[in-house]
Amino acid sequence: MEIASKYDPHAVEDRWYAYWLEKKLFHSEPDTREPYTIVIPPPNVTGVLHMGHMLNNTIQDVLVRRARMLGKNACWVPGTDHASIATEAKVVNMLKERGIDKRSLSRDEFMKYAWEWKEEHGGIILKQLRKLGASCDWDRTSFTMDDIRYESVIRVFCDLYNKGLIYRGVRMVNWDPQALTAVSDEEVIYKESHGKLYYLRYMIEGEPGKYAIVATTRPETIMGDTAMCVNPTDEKNVHLHGKKVVVPLVGRVIPVIEDEYVDVEFGTGCLKVTPAHDINDYNLGMKHHLDSIDIFNDNGTLNDNGGKYAGMDRFACRKQIVKDLEEAGLLEKVEDYTNNVGYSERTNVVIEPKLSAQWFVKMTDIAAKALEVVEDNTIQFHPEKFKNTYRHWLENIKDWCISRQLWWGQRIPAYYLPNKEVVVAPTREEAYKIACEKFPGVVASADQLVQDEDVLDTWFSSWLWPISLFDGIRNPDNEEIRYYYPTNDLVTAPDIIFFWVARMIMAGEEYRHEVPFKHVYFTGIVRDKLGRKMSKSLGNSPDPIMLIEKYGADGVRMGMLLTAPAGNDLPFDESICEQGRNFANKIWNALRLVKGWEPSTDLKQSAENSLAVQWMEQRMAQVLEEIERDFDNYRLSEALMASYKLVWDDFCSWYLEMVKPAYGQPLDAETLAATLTIFEKLMCILHPFMPFVTEEIWHTLRPCCREDQSIMVEPMPRSVDYDHQFMADFATAQELITNVRGLRNSKGLSPKEALELHIKGGHPAQFDGLVMKMANLSCIATISDKLDGALSFMVGTTECFVPMSQNINKDEEIKKLQEELTYTEGFLASVMKKLGNEKFVNGAPEKVVAIERKKQADAEQKIAALKAQIDALK
RNA sequence: GGGAGUAUAGCUCAGCUGGUUCAGAGCACCUGCCUUACAAGCAGGGGGUCACAAGUUCGAACCUUGUUACUCCCACCA
């Protein structure tokens, strides 16, 4: 069979993915095996695959595939997130393009459009994950708003309400004037922005011509001022105590109050208090029983309280009001000012603090439990440093605002009675029942109940994900939840540690009394090579599907993993995929070589081949030890690098070259069979990282017995004991080979010209045959004295000589030897200094001193040898 | 403002409990090779004051303190 000289992933990847699906190899059902479970961080249903997903899902796939090969019942559950704000925004836009205004639609009509849109455009990302090779159990694909998940969320809401952990209250919330909804604290991003600080004059009542100056960044909010505040200890403002001042332009008379909160150093030490539009002012207002005047509409324009500015946008109003203040002579001065302004994570508009009635979850008690399980390592974070971040957040946690003024999401199951009382129940009928019991005679029928208009924060669905995926909320005792929960590993980006990771832990404790996962692997953030975050607006994010087209999924997977240790950002450059592609090609060519060998049953296995096989098998055991340790510590890139070197260096460069027969010659059947077995095992080791090329090669190696099989479920090779002396001796042999090749290279000799090697004294000779083959030597001779007229090198303390047919350049050789001598003498001097130090000899452990003495002896021996060689040349 | 982390070769990173795996790996680079598996390759090679300074120690990339630079998280003084 002819095998192409270049590996072509296109021909291979789709075929094997279809094969895996057809054989249902991704599917898991509970059985007697040990479970291994990962739930996918559900991407937005509106999302398309980006580099962050690639990294994240590659890691999950590596872990799942490895677990599967270790004999576990591996289950990776995929799904998507309904992403209220983002999805609703997209649907609204879509409607707008069709000339439909959301406000002209009823809630039900809107939801119909939204579901249509979701069915049509949603979940592209899951299709894209298949290209990557993700071995998700697609039969289990879920959605945070499908029936089971919807119902689970509703039940949890009711349950927490009944436990008194959910309440409704009027609070200052972060209002997104574009999305027209409240968002949680975590959804506000503060950015430094360059604005102005305006100094306004507030006339003092009853003291004509006298005024106090207030510095503010938001002059448009003066319409909402209900007090001015000074610090009671502020001497320069004592004259204002007990006075009243007039709000500029507005004319309203407001009191001057005193509070320690005011910073004496800032501006003039006078603060205008606008309880409706600033969180700190709100607190001051509560404390001093101030009125609260809301001047904004939900969309960020001014309402009727804005007087002549009513209807204007808040930023347009700011400009206008500054102009008007100036004309009225009430603007003292304007300074440039840099401060932090909060923006909505979803819509990127400036957040408006706003008083409104919202639903909250009490966090204090739930948070304490969630902190404990991370502190005591029931859940381990990789890397561990994220424990700090986690602790800090949980220790300072505030109640979670979970209501959103949107339609796309789980509608809050709270029903209002005509008497303003509220009942909470999963369905209207149940709510009616409760209403009748609690408030007899208030409602005559279920229809009279008015359901809350708001939906729940999307994270209020996703925090249940590891439980609700197995229907563990509705049926807490079902077989699946008992089998798959708790899950094993969670792989996610550190930026959602609060949004998601912490809250899943809370939900796990609350609803399973058990952690939702045992390990959390935090990936880094994928950046471009200039260190910038990948973003649409910068256009610096490569399309992952194009990358896969170009380098193959295996190539991209490997490229990303090689440079992405846990928690480290990944400066992504397309060229790292080349390394992956090249590696796939390298293995492919090893396959071509091996497949070209003809087995001969007449030929007996040579001693050399037998040794080569023994070495390779033990080398594999040795490296497996390392790989297993790396996986235990979640050091995936190191495990991959070790595998890479095992295949490329040890197998291809050393082993295959050692057993490779001369051109056209057959190979003894025993060695060939051993080679195939080793090759297969290597493919198993590599399979979690590079699933496609390894499956292809595994099948091609022994096509006869691979029908209907898959490497996916082959047992993963495990490390075993190996002979350390044997490996050390072989390493010495490798050094001999490298040295001879080096001599050849530096003297410009052809690799085809066979050389002789003379070794002074004894050396472990069992590998001589292999050394002769690999270094192209005609003989290896043992000599008792140094050899004249030869090039020399040392391996350890052993002197080696290679006779030259041509004259050797004595000066050059002497120079080279002299350099080595100087270095060794310096080395010896430092060793002697240590050994001459009594404190060292007495203080250091026996072992360390012995090592130094050995260094001394070796160095002395080497110096003597070098001196003798130099003398001989002279 | 508070906290955390990082700084080792041109790049990305290892370096465990201070001591022969202590100065490493991969990529990149340089030299020579189209040697019938692979130029997406082979063989060989160069390259680092371990950010800076002081200290502890017989001994420091590793421990302590300080300095500098970068990154991230939290807070939000109008």
Side-chain angles (χ1 to χ4, degrees), chain A residues 3 5-7 185 188 190 197-198 214-218 221 229 261-263 265-267 270-274 278-281 337 339-342 383 385-393 396 494-495 497-498 525 529 531 551 555 559 562-565 567-571 573 575-576 578-597 629 633 635 637-638 640-642 644-645 648 652-653 656-657 660 663-664 738 741-746 748 750-752 776 833-845 847-849 851-852 854-855 858:
Chain A
I3 304 177
S5 74
K6 293 247 192 295
Y7 172 64
D185 293 342
V188 180
Y190 287 89
L197 192 58
Y198 304 90
V214 168
T216 179
T217 54
R218 300 201 59 192
T221 62
C229 190
Y261 164 75
V262 177
D263 180 356
E265 302 300 319
F266 189 91
C270 296
L271 171 73
K272 71 189 217 45
V273 185
T274 321
D278 182 280
I279 181 66
N280 298 301
D281 291 12
Y337 189 65
N339 66 339
N340 281 336
V341 176
K385 66 176 176 185
F386 288 109
K387 267 173 92 167
N388 295 324
T389 317
Y390 182 83
R391 184 190 314 114
H392 186 259
W393 185 71
N396 296 284
D495 50 353
I497 185 169
F498 309 135
I525 294 165
K529 55 181 164 183
Y551 299 100
L562 266 181
T563 41
N568 272 30
D569 283 3
L570 170 89
D573 182 17
S575 64
I576 63 174
E578 265 175 49
Q579 198 181 347
R581 178 201 60 183
N582 293 356
F583 185 43
N585 193 51
K586 179 70 186 178
I587 314 168
W588 183 252
N589 276 288
L591 171 75
R592 289 179 66 210
L593 175 67
V594 171
K595 289 299 281 182
W597 288 342
R629 201 170 46 235
N633 294 310
R635 294 155 61 126
S637 33
E638 305 222 353
L640 173 57
M641 182 52 78
Y644 172 81
K645 288 196 275 192
W648 196 310
C652 293
S653 298
L656 289 179
E657 292 298 333
K660 184 174 172 179
Y663 181 66
T738 307
R741 285 173 177 173
L743 279 187
R744 225 190 263 282
N745 234 309
S746 63
S750 160
K752 284 174 187 157
N776 190 19
K833 197 179 150 199
K834 263 192 196 176
L835 286 171
N837 185 331
E838 257 180 61
K839 285 185 182 168
F840 171 73
V841 179
N842 299 330
K847 213 175 105 192
V848 176
V849 179
I851 287 165
E852 291 302 312
K854 172 91 165 72
K855 279 194 210 170
D858 287 355

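Values reported hereafter were calculated over all heavy atoms of this structure, with side chains retained and with hydrogens, waters and symmetry mates removed. Quick note on labels: first sequence line is chain A, next is B, and so on, each numbered from 1.
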Fill in the blank from the handout: Out of rG44(B), rC58(B), rA75(B), minimum distance to the side chain of Thr738(A) belongs to rG44(B)

Handout entry: Base-pairing assignment for rA69(B) (Watson-Crick or G-U wobble, both under 3.5 Å)
Key = rU6(B)

Handout entry: Arg581(A) side-chain N/O to rG41(B) phosphate OP1/OP2 under 4.0 Å
Key = no

Exercise for the section: Return the value, rounded to whole Å, for the distance between atom CG of Leu562(A) and atom C1' of rC11(B). Expected result: 14 Å

Problem - Residue Met641(A), side-chain heavy atoms: nucleotide from rC76(B), rA78(B), rA25(B) that is nearest - result: rA25(B)

Exercise for the section: Establish, with yes or no, whether the OP1 or OP2 oxygen of rC77(B) is under 4.0 angstrom from a side-chain nitrogen or oxygen of Tyr261(A). Expected result: yes

Practice task
Could you tell me whether the side chain of Asn585(A) has a donor or acceptor atom within less than 3.5 Å of a complementary atom in the base of rC38(B)?
Solution key: no

Handout entry: Any-strand Watson-Crick or G-U partner of rU20(B), both distances under 3.5 Å
Key = none

Handout entry: Closest nucleotide among rG44(B), rG19(B), rC38(B) to the Asn589(A) side chain
Key = rC38(B)

Fill in the blank from the handout: Rounded to whole Å, the CZ-P distance (Arg391(A) to rG3(B)) equals 14 Å

Exercise for the section: Ignoring backbone atoms, establish whether Tyr644(A) has a side-chain N or O less than 4.0 Å from OP1 or OP2 of rC27(B). Expected result: yes

Exercise for the section: Measure from CD1 on Ile525(A) to P on rG5(B) and round the result to the nearest Å. Expected result: 18 Å

Practice task
Examine rG59(B): is either OP1 or OP2 under 4.0 Å from a nitrogen or oxygen in the side chain of Asn837(A)? Give yes or no.
Solution key: no

Handout entry: Of Gln579(A) and Phe498(A), the one whose closest RNA chain B nucleotide lies more 5'
Key = Gln579(A)

Handout entry: Tyr7(A) or Lys660(A), whichever maps to the more 5' nucleotide of RNA chain B
Key = Lys660(A)

Problem - Side chain of Thr216(A) - closest among rA78(B), rG44(B), rU36(B) - result: rA78(B)

Handout entry: Sugar-phosphate, base or nothing in reach of Asp278(A), heavy atoms under 4.0 Å
Key = nothing

Problem - For atom CG of Asp495(A) and atom C1' of rA4(B), their distance in whole Å - result: 17 Å

Problem - Polar pair under 3.5 Å, donor/acceptor by atom type, side chain Glu657(A), base rA37(B) - result: yes

Problem - Nearest-Å distance for atom pair CG/C1', residues Asp569(A) and rC11(B) - result: 16 Å

Exercise for the section: Starting at atom CZ of Arg741(A), determine the distance to atom C1' of rC42(B), rounded to an integer number of angstrom. Expected result: 9 Å

Handout entry: Separation of rA40(B) P from Phe583(A) CZ (nearest whole Å)
Key = 17 Å

Handout entry: Separation of rC38(B) P from Leu656(A) CG (nearest whole Å)
Key = 13 Å

Exercise for the section: Indicate the ring-plane relationship of Tyr7(A) and Trp588(A), choosing parallel, tilted or perpendicular according to the 30° and 60° boundaries. Expected result: tilted

Handout entry: Check: rC38(B) base within 3.5 Å donor-acceptor of Lys586(A) side chain
Key = yes

Practice task
Looking at every strand, decide which applies to Arg218(A) at a 4.0 Å heavy-atom threshold: base, sugar-phosphate, or nothing.
Solution key: nothing

